[in-house]
Amino acid sequence: MSSGASMSPFERVTEISAWLAASDVDELILSGPSGTLRLTRGASGQVEAHIGESDNSEPPPLATITAHGFGVFLDRHPLDAEPLAPVGALVRADTPIGFLRIGPLLTPVVAPVDGVVENILVQNEDVVGFGAPLFELEPVERDSVS
């Protein structure tokens, strides 16, 4: 007789669904090499199971853009009202996405790769030091960026 611990979650969907229905959890996702089990509890309390194939592909790592020096981070040129690269913006490699200001001097912070701005890690006009993380980009294929 096999123990319950060695059973796959796919073999225990009914039992896991009952646990979910008795809890205040609305969604449970279990992923492993044999696939993904997603259980969702609706407003009526009924649990639905969705079983998918394993997706062993990892999402590409985000590219972190760091400060090339110290200064005051600016997400826009001082004469512009809008940020150069807000979250969700598609940017091309080697284009300015912010600035570092030291006194009257502005130096551009450029995107190292084509990508989508996923996170801005500092606020406009924050003082930053050398190497401080400023942006996270999700790299994209060059053909995706116009």
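Here the structure is a predicted model, which is why all the values come from computation and not from measurement. The figures here come from the full heavy-atom set of this structure, side chains too, leaving out hydrogens, waters and symmetry mates.
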### Task
Apply the side chain to side chain contact (heavy atoms under 4.5 Å, CB included) test between Leu134 and each candidate in Thr64, Leu121, Val128; give the one that qualifies.
Val128
### Query
ring pair (Phe, Tyr, Trp, His ring centres under 6.0 Å): which pairs involve residues 101-120, sequence neighbours left out?
none
Extract all donor-acceptor atom pairs below 3.5 Å that involve side chains of residues 97-113 and protein atoms in other chains or at least two apart in sequence.
unit_1 : atom_1 : unit_2 : atom_2 : d
Thr107 : OG1    : His68  : NE2    : 3.0
Thr107 : OG1    : Leu100 : O      : 3.4

### Message
Please check this pair: side chain of Arg76 against backbone of Ala81, looking for a donor-acceptor N/O pair closer than 3.5 Å.
### Response
yes
### Task
Determine yes or no for a side-chain-to-main-chain donor-acceptor pair under 3.5 angstrom, with Asp75 supplying the side chain and Asn124 the backbone.
no
### Task
For the pair Val116 and Leu137, evaluate side chain to side chain contact (heavy atoms under 4.5 Å, CB included) and give the outcome as yes or no after the intermediate values.
CA-CA 5 Å; Val116 175; Leu137 293 182; over 6 Å; no
### Query
Where do Pro139 and Ala63 come nearest, in terms of heavy atoms and distance?
CD-N, 4.3 Å
### Message
Tell me every residue that passes side-chain hydrogen bond (donor to acceptor under 3.5 Å, both in side chains) with Glu15, counting only those two or more places apart in sequence or in another chain.
### Response
Arg12
### Message
Let me confirm one number: the CD1-CD distance from Ile120 to Glu136, rounded to the nearest 0.5 Å.
### Response
11.0 Å
### Query
With sequence neighbours left out, what residues match Asp94 under side chain to side chain contact (heavy atoms under 4.5 Å, CB included)?
none
#### Entry: Residue list, side-chain hydrogen bond (donor to acceptor under 3.5 Å, both in side chains) with Asp126, at least two apart or on another chain
none
### Atom pair CG/CG of Leu74 and Asp80 - distance to nearest 0.5 Å
11.0 Å
### Query
Are Val87 and Val91 connected in the hydrophobic side-chain network, where two residues link if heavy atoms are under 4.5 Å apart?
yes
### Summary
The remaining residues in the hydrophobic cluster of Leu79, counting side-chain heavy-atom contacts under 4.5 Å among Ile, Leu, Val, Met, Phe, Trp and Tyr, are none
### Task
Measure across Gly129 and Ala67 and return the closest heavy-atom pair with its distance rounded to 0.1 Å.
O-CB, 3.4 Å
#### Entry: Distance in Å, Asn119 CG paired with Glu138 CD, rounded so as to fall on 0.5 Å steps
10.5 Å
## Note on the structure
To the nearest 0.5 Å, atom CG of Leu84 lies from atom CZ of Phe135 at 8.0 Å
